[in-house]
Amino acid sequence: MAIEVSDRAREWLKRKGGVVTVRLSPRHGCCGGGADIAVAEARAPDVPEHYTRLDLDGVIVHIDPSLLDQGLRLDVEGFLGLGHLFVEGASPTRSKE
Amino acid sequence: MTAHQESQSPSTSEGMGLFERFLSVWVALAIVAGVLLGQFVPAVPETLSRFEYAQVSIPVAILIWAMIFPMMAQIDFSAVLGVRRQPKGLVITTTVNWLIKPFTMFAIAWFFLTVVFQPLIPEPLASQYLAGAILLGAAPCTAMVFVWSTLTRGDAAYTLVQVALNDLIMLFTFAPIVVFLLGVSNIPIPWDTVALSVVLYIVIPLAAGYLTRRTLIARHGSEWYDNVFMKKVGPITPVGLIITLVLLFAFQGEVILEAPLHILLIAIPLILQTFLIFFIAYGWAKAWKVPHNVAAPGAMIGASNFFELAVAAAIALFGLQSGAALATVVGVLVEVPLMLALVGIANRTRHHFPGAETQAHAEARG
């Protein structure tokens, strides 16, 4: 499967507009270097052409092609009515910079 | 470890670039450059030391903000909402970082610097070095843990959560821990001086980083923020670090030239502390059957220090010429080789943790 979306995340995303972007977010190390972390955001990407578009049971997923078919799972976590999307199963990778 | 698992362990060359891999070399060169600057062009540090406001050196404050702000600007505090997802890992890392690490650092540094090395380090300096060690032990790593997590195939989502959580905790615990341990060491520091350094070097960069992140993402989007803004701002941290070290050693020249052996003596308790904290957190995670991709980054964050903050606080509390500032720099000097050794240990012991096979197969598929 390209990426799995949990039932909870699907319901949450549908309430937020039904679109999610799954991408790599660079983090810089204080001694130099860095890592790319997989993150998910409930919005369309700035440049959709850079992503693979999937329709997973009513949720439009724009995913970085390098994250496809890696056994990743999209879920939502949070409390007090606040939610935060996260990508489960991803390891940070060496920053492309 | 099976041959298959061995093949899944990332190499250091895969995870680190030239600068960070040889950080110890650049730090050593910064020490030499700083000492030479202080000895042959003393007008430079003398002139810079005149720019002070309320006993805060303006050039140093600017350099320290340059080091710390980029780290704070990349923290996604909304990740804290995930604290319930890996509770065992977070219990271990927060307990080790805040209830164990500062106190073992104090105990080990006190034992070596004031007891074992008593014949080699005169008393006023030993207390200064101890103060530097206390400052190093009072704050866990913030930014490099992403690199250590990469090198040990850590869980990315968990790493984000533990960094955000520890930075929030640090806001409230750094000053009380430092004041308490300095008090126990008979190194009295006025509360208002500690509070000022916390405001200057934690609260202001953290608030500025948070507001910058929120404002710019709302205006330009998160991809622009990550790939344009942070791409320019992120590399400022290591540059600021090296310039700060040059400046610091321009003031420290006499100490280094008179007692170069002190650097080695300071390094010994810091090295022991790093291994001890790693093995406490890693062993605890093993006992609790925490998956390796949580255990490794969970142990790395406490073993590694937020040394930019320690350097900043040492300079603010004791001055550029202090032994405390020198001790915090020794922390920087040994950081990368030590952490790479721990990365090697974590990767070689991966198979002792639950989920290693699944992780290896998933990586093989990817």
Side-chain angles (χ1 to χ4, degrees), chain A residues 1-3 6 8 12 21-48 50-51 62 64 66-97, chain B residues 10 14-21 23 67-68 70-71 74 76 78-85 141-147 149-150 152-157 159-161 163 220-224 226-227 230-231 233-235 237-238 241 293 306-308 332 335-336 359 362-363 365-366:
Chain A
M1 188 177 229
I3 185 168
S6 74
R8 197 170 42 167
W12 190 84
T21 299
V22 183
R23 65 183 181 90
L24 289 168
S25 172
R27 294 290 192 277
H28 301 267
C30 57
C31 309
D36 287 332
I37 306 271
V39 296
E41 294 150 340
R43 56 165 189 80
D46 294 349
V47 187
H50 292 170
Y51 295 83
H62 297 271
D64 184 311
S66 69
L67 294 172
L68 279 169
D69 302 317
Q70 294 201 13
L72 304 184
R73 184 168 178 270
L74 201 56
D75 206 343
V76 69
E77 58 199 350
F79 47 86
L80 301 173
L82 300 167
H84 178 256
L85 279 173
F86 69 95
V87 183
E88 196 171 31
S91 288
T93 52
R94 167 77 178 141
S95 184
K96 291 170 193 162
E97 288 172 40
Chain B
E14 177 193 339
M16 302 184 84
L18 191 70
F19 182 87
E20 59 270 27
R21 219 180 324 154
L23 181 72
M67 285 194 291
I68 296 178
M71 283 187 273
Q74 67 180 352
D76 176 10
S78 69
V80 168
L81 292 168
V83 290
R84 292 184 302 183
R85 201 168 59 82
C141 176
T142 284
M144 278 309 276
V145 72
F146 291 111
V147 176
S149 186
T150 303
T152 53
R153 294 278 188 263
D155 179 322
T159 308
L160 283 171
V161 175
V163 168
H220 299 286
S222 50
E223 285 164 90
W224 179 91
D226 280 348
N227 300 322
M230 281 310 300
K231 197 174 179 179
V233 170
T237 296
L241 175 65
N293 61 357
F306 188 173
F307 47 73
E308 284 84 357
V332 187
E335 165 91 0
V336 170
Q359 197 183 350
E363 285 163 5
R365 281 201 313 273

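These numbers come from the heavy atoms of this one structure, side chains and all, not from hydrogens, waters or symmetry mates. Chain letters run A, B, ... following the sequence lines, proteins first and then strands; every chain starts at 1.
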What is the distance from atom [atom1] of [X] to atom [atom2] of [Y], rounded to the nearest 0.5 Å?
| X | Y | atom1 | atom2 | value |
| --- | --- | --- | --- | --- |
| A:Ile37 | B:Thr150 | CD1 | OG1 | 6.0 Å |
| A:Phe86 | B:Asp155 | CZ | CG | 8.5 Å |
| A:Ser25 | B:Asn227 | OG | CG | 8.0 Å |

Region of [X] in contact with chain A, defined by heavy-atom distances below 4.5 Å:
| X | value |
| --- | --- |
| B:Val80 | backbone |
| B:Glu308 | side chain |
| B:Phe307 | side chain |

Pair B:Ser222-A:Arg43, side-chain donor/acceptor within less than 3.5 Å: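 Looking only at side-chain atoms, A:Arg43 and B:Ser222 do form a donor-acceptor pair, the distance falling under 3.5 Å.
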
Leading residue by heavy atom contact count with chain B [cutoff under 4.5 Å; candidates A:Val39, A:Asp75, A:Asp46]: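 Of the candidates given, the most pairs with chain B belong to A:Asp46.
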
Check B:Ser78 against A:His84 and note the closest heavy-atom contact, atom names and distance.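 B:Ser78 and A:His84 have their closest heavy atoms at OG-CD2, 3.1 Å.
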
Can you confirm whether B:Glu223 sits close enough to A:Pro45 that some side-chain heavy atom of one is under 4.5 Å from a side-chain heavy atom of the other?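 SC-SC contact between B:Glu223 and A:Pro45 confirmed.
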
Which is it for B:Leu160 and A:Arg27 under the side-chain contact (heavy atoms from CB on, under 4.5 Å) test, yes or no, and what are the steps along the way? CA-CA 10 Å; B:Leu160 283 171; A:Arg27 294 290 192 277; 3.4 Å; yes

Going by salt bridge (Lys or Arg N to Asp or Glu O under 4.0 Å), name the residues that satisfy it together with A:Glu77, two or more places apart in sequence or in a different chain.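 Salt bridge (Lys or Arg N to Asp or Glu O under 4.0 Å) list for A:Glu77, sorted by chain: B:Arg85.
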
